[in-house]
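First the structure, in the form of structure tokens, and then the observations on it.
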Amino acid sequence: MNGRVVSFTWGRGLGHVSRQIAVHRELRGLGRDSLLLTERPQRLIEDYGFAQTVLPTDADSLVGEPLHGTGPAVDHGLARAMVAWVLRPDDVVLHDVTVQRELYDQAARLGCPQFLVHRFQRNRPDPPHWVSRHTPAIGTIYLLGEPGPEETVHGVRVLGVPHVVRPLLDDRSPWPEETRALRVAVVAGGGGHDDAPGFLTAALHGIRAFTRGRPAGVDVLVLTGPHFDGAVLVPPGLPGPVRVRPYLGPSYDVYRHADAAITHAGYNTVQELVRSGVPVVAVPGVRDFDDQRVHLKAADSPNVVVADAEEHAIARALAEALNGPSGTRARPAATPTRQADGAARIAHDLVAATSRASGAGAP
């Protein structure tokens with residue numbers, strides 16, 4: 001049994017998409033086909049070569065405690081028909097934090113094995129209890145960042161796994177080779193979340209305050225996120241170019257080629273930054289159920305300085321992160337060792353679990 005793996009990616013940000021890509025790449029290497037259902041078209045999915053189907057969704061599309069104010073009402077009958085059309089009885093369903101209602105219900109009707117990837121959420125202090133109450137057809141929860149033995153809680157199989165990091169396809173630099181100025185990456189969270197304009201404005205003003213009176217110039221790369229629909233206001237007086245991009249594909253390694261980064265502190269961003277070793281100013285955003293400061297505390301990384309979204313706080317944090325008044329700290333001589341990745345652990349466990357259930361041998 002091939003056991004195609006089907007997942008839904010909540011498209012208001014890039015976190016779900018990045019994690020699902022990481023896991024599905026591992027599944028592809030184990031011989032499993034993939035289908036990603038999405039809330040909106042995702043260039044990132046396309047760049048990694050996965051098929052995607054866009055479902056009509058709104059706040060009521062999510063099981064349990066749905067997000068609010070995420071869009072107008074939609075025809076859920078259409079979503080049900082689309083899921084019924086694409087989902088097969090021998091499929092396996094892997095949810096990421098959010099559980100899409102039509103996908104879950106159809107998978108339960110067909111008897112498809114269902115799994116859930118979970119990371120910290122304020123509204124789910126007890127994930128097994130949440131699953132047993134809202135989505136009892138889900139048999140396994142993968143707890144990100146909590147490696148540990150398998151156990152059964154509230155009748156749900158729980159397995160702690162390392163964090164998940166999406167691998168890049170290449171390590172190209174987004175900066176010109178001739179750049180000698182301080183390379184600063186400013187990266188908004190959530191692929192262009194509602195608080196991105198305020199964050200970007202504060203970050204650029206913070207860079208200007210940091211560089212005031214310093215001889216070295218800066219070369220700033222601003223990544224707004226593909227869903228950003230605001231304006232980036234560049235303050236006068238920045239000693240160097242500011243390039244604004246909505247999206248850079250997975251062939252570019254922004255963090256490893258930067259001298260410093262200023263970014264929101266979402267789950268995926270924190271994991272990528274910790275592994276890059278780049279000096280970071282993290283400006284935690286405010287989310288419905290997420291807690292960016294929890295991600296930072298859990299990472300406990302010496303290269304990250306936390307600051308509020310205010311220009312002088314960001315300027316001070318940038319000076320501290322760069323470790324010196326000149327703001328020209330050399331990059332580490334060696335790339336930090338990458339931690340074991342949870343994507344491979346999830347993929348291997350899912351394949352083994354579904355192979356045992358079907359009586360088939362491991363691929």
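- Distance check, rounded to the nearest 0.5 Å: NE2 of H312 to CZ of F210 gives 15.0 Å.
- For R25 (side chain) and P167 (main-chain N/O), no donor-acceptor pair under 3.5 Å exists by modelled atom type.
- For the atom pair H205 NE2 and L238 CG, the distance stands at 8.5 Å (nearest 0.5 Å).
- For the pair Y48/R166, a side-chain contact is recorded, criterion being any heavy-atom separation below 4.5 Å from C-beta on.
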- Criterion side-chain hydrogen bond (donor to acceptor under 3.5 Å, both in side chains) on D171 and H257, from CA distance to verdict: CA-CA 9 Å; D171 63 353; H257 290 283; 5.3 Å; no
- Between D219 and L221, is a side-chain contact (heavy atoms from CB on, under 4.5 Å) present by the stated rule, with each step listed? CA-CA 7 Å; D219 190 329; L221 173 64; 5.8 Å; no
- Check the pair Y255 / V187 against side-chain contact (heavy atoms from CB on, under 4.5 Å), numbers first and verdict last. CA-CA 10 Å; Y255 295 127; V187 184; 3.7 Å; yes
- Query: Under the side-chain contact (heavy atoms from CB on, under 4.5 Å) criterion, do F228 and V244 qualify, and how do the steps go?
  - Reply: CA-CA 12 Å; F228 179 80; V244 180; over 6 Å; no
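- Atom-to-atom distance recorded for D47:CG and L168:CG is 11.5 Å, nearest 0.5 angstrom.
- By the 4.5 Å heavy-atom criterion applied to side chains, T57 and V74 are not counted as neighbours.
- Side-chain contact between P235 and R208 is present, with at least one heavy-atom pair separated by less than 4.5 Å.
- Of the possible polar contacts, one joining the S61 side chain to the D58 backbone as a donor-acceptor pair under 3.5 Å is found.
- Heavy-atom minimum distance, M82 versus P56: SD-CD, 3.7 Å.
- The only option from Q52, Q20, Q100, R19 that meets the side chain to side chain contact (heavy atoms under 4.5 Å, CB included) definition with T9 turns out to be Q20.
- To the nearest 0.5 angstrom, L204 atom CG is 8.0 Å from I262 atom CD1.
- The two atoms that bring A196 and H264 nearest to each other are CA-CE1, 4.4 Å, heavy atoms only.
- For the pair E26 and I346, the minimum side-chain heavy-atom distance is 4.5 Å or more.
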- S132 and H154: CA distance, side-chain angles, deciding distance, side-chain hydrogen bond (donor to acceptor under 3.5 Å, both in side chains) verdict: CA-CA 6 Å; S132 66; H154 297 300; 4.9 Å; no
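- Taking the side chain as every heavy atom from C-beta outward, F8 and L62 approach each other to under 4.5 Å.
- Among all heavy-atom pairs drawn from A317 and A307, the shortest one is CB-CB, 3.7 Å.
- You'll find the side chain of S18 reaches within 4.5 Å of the side chain of L44, heavy atoms only.
- When the shell of 6.0 Å around OH of Y252 is examined, it contains 12 or fewer heavy atoms from other residues, nucleotides or ligands.
- Salt bridge annotation for D105-R101: absent, with no cationic side-chain nitrogen under 4.0 angstrom from a carboxylate oxygen.
- Between L144 atom CG and D96 atom CG the span is 7.5 Å, to the nearest 0.5 Å.
- Contact annotation: the side chain of L87 approaches that of V93 to within less than 4.5 Å [non-hydrogen atoms, C-beta and beyond].
- Salt-bridge annotation for R88 and D33: absent, with no side-chain N of the basic residue lying under 4.0 Å from a carboxylate O of the acidic one.
- Using a 30° and 60° split on the angle between ring planes, F115 and Y142 fall in the parallel class, below 30°.
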- Do R32 and T354 pass the side-chain contact (heavy atoms from CB on, under 4.5 Å) test, and can you show the C-alpha distance, the side-chain angles, and the key distance before you say yes or no? CA-CA 11 Å; R32 297 299 175 104; T354 53; 3.5 Å; yes
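- Side-chain atoms of R157 and E150, non-hydrogen and from C-beta on, do get closer than 4.5 Å to each other.
- Checking side-chain atoms of R124 against main-chain N and O of V97 turns up a donor-acceptor pair under 3.5 Å.
- For the atom pair CG (L248) and CG (L223), the distance works out to 5.0 Å, reported to the nearest 0.5 Å.
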